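Report on one structure; see the data block that follows.
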Amino acid sequence: MDIDYIIESILFAAGRPVKINTLSNVLNVSADDVKESFYRLKDSYVSNNRGIDVVMIDDSLAMCSNEKYAEYIKKALGLDIKQGLSQAALEVLSIIAYNQPITRIDIEKIRGVKCEKAINTLLEFNLIKENGRVNAPGRAILYSTTDDFLKYFNLPSLKDLPPLDDVI
Amino acid sequence: MDIDYIIESILFAAGRPVKINTLSNVLNVSADDVKESFYRLKDSYVSNNRGIDVVMIDDSLAMCSNEKYAEYIKKALGLDIKQGLSQAALEVLSIIAYNQPITRIDIEKIRGVKCEKAINTLLEFNLIKENGRVNAPGRAILYSTTDDFLKYFNLPSLKDLPPLDDVI
Amino acid sequence: MYNVKIETFEGPFDLLFHLIEKNEIDIKDIPIASVFEQYMEYLNAMQEMDLDIATEFILMAATLLEIKSSMLLPKAQPEGKQLELDDVDPREILVERLIEYKKYKVIANKLKTSNVYGLRFFKEEPEIKYIDKSLLLNYSADDLKKAYIKILKRSNSDVIPIKYAKDQFTVEDKIKEFLKNLIVTPIMKFSDFVFNRHKVEKVVSFMALLELIKLNKVVAEQKKIFGDIIIKKLKR
């Protein structure tokens, strides 16, 4: 279908997430039509093991590569990516995700241990960002998650985080 | 076919031409096999009016969007994309501006993330240029800002970059 | 001797959890005395292995000890009053914090499995032909400064870019300079050669000198450590 492939071309050329609204305006179709296109595209990519994939993030669509081929991509592009985040970094990231914006001190209260290093790693990976300061003496930095966090943890939006109270 | 889609994923992720030799090494197939994949991919893209396309430039392959949809793409990007340089590109540019000449490796050390794409964009904009090589093993390329950079940022000379002393 | 397998723990809560799971303890009813004992065993083992024990671990030991002792104390029950209500279990605050922490530990594991960082690649820039170069003027020089300061603040302070001497002084050039000078003064001091020169230039000069020695063009002599180097041209 034509609209699917127009969306495909836009997502490729944009090189970043494109709002569903924008697509619906440009194509003169409803947002639901855009979403249907998205699901059709995704289906055909996934079922055929294509090299590309599409994801929905925060009311936007983005094209990305298929995880299956990550090793080949890294080799071809000479990328040296540390894949895993440390347990500490993942814990800090979880705490920030559910309590944003939050200060370092408050994160440390929950974890019972210092976490400066983990925070720096997460900032480096662009998974969290500084997001203002506490309006009180000390003016501690507040941290929030980024769009990249959603992108790389397969979350359409923050609302899609698993509910915290059900986990135990 | 698997190899076709691995190539698809690499070309997508690269965002720039990739040498056929590189692909043949990474996939452990002959250069001719890579070319055959290329023709198969191109065929299926073109005959289906897909949003993406592949082209062969000299000894390299690159993915691009389908020209047919250019009008839609321009409209969508015009609406959606925040103007000008990405934050990544701006950050890389600032590092180069204050530390020139500097190698890519050093930029990445400071930023903590890869920046090949940002550098390519900045080169494309003619905001930075290659400026010799490090006189040491590896002979890494050094980058500096250009005259266009000064023009764009309204700077009489590099000495007129906002001083950093008052903040660090 | 009691053999404790040391793993790395992400802090005192992490260690406590390990103990709770290992002993299959009900988190709401922790046998503080025995957990405290095991906790200390770990701390001692960590000490023996010269692992840095963060203050947090010690603080927790103190907390456990405090709870333990307050549980040993007989409760002063006012005559006729039926306990409960104001009778708080000294373990309560600890348990609350443990449960809170555990939630994030579970979530962290979930995130770990859904993490596609390094596996999934996005493009970072638009296709070049769609970049409108005229849009650039949106940034001012001040934006550059702000961007740079932001990076400096978040990057480790020990990352200092090397200021490259951009091919300014090369070993090849210095060799030529040496040879030229040696024609006029067949015996010379290294200190004269590098007098008033840039530090990098001095280093490059020294490398050139080593190269010349290797090539059997000169001999060099140094009478004492940090003394001057006398360079003599070798006749062919």
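Fair warning: this is a prediction, and the values are worked out from it, not measured in the lab. Just so it is clear: chains get the letters A, B, ... in the order the sequence lines come, proteins before strands, and each one is counted from 1.
- Side-chain N or O atoms of Gln100(A) include one that pairs as donor or acceptor with a backbone N or O of Thr145(A) at under 3.5 Å.
- Remark: the Gln87(A) side chain and the Asp14(C) side chain contain no N/O donor-acceptor pair separated by less than 3.5 Å.
- Of the residues considered (Asn99(A), Leu155(A), Val92(A), Leu77(A)), Asn99(A) shows the highest number of contacts with chain C, using heavy-atom pairs under 4.5 Å.
- For the pair Lys105(C) and Phe17(C), the cation does not sit on the ring face, since its NZ or CZ is not both under 6.0 Å from the ring centre and inside 45° of the axis.
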Compile the donor-acceptor pairs under 3.5 Å between side chains in residues 125-132 of chain A and protein atoms, sequence neighbours left out, one pair per line.
residue, atom, partner, partner atom, Å
Asn126(A), ND2, Asp148(A), OD2, 3.1
Asn131(A), ND2, Ser144(A), OG, 2.7

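- Residue Ile73(A) touches chain C through its side chain alone, counting heavy-atom pairs closer than 4.5 Å.
- Of the atoms belonging to Phe12(A), heavy atoms from both backbone and side chain fall under 4.5 Å from chain C.
- The contact between Lys151(A) and chain C is made by backbone and side chain atoms together, counting heavy-atom distances below 4.5 Å.
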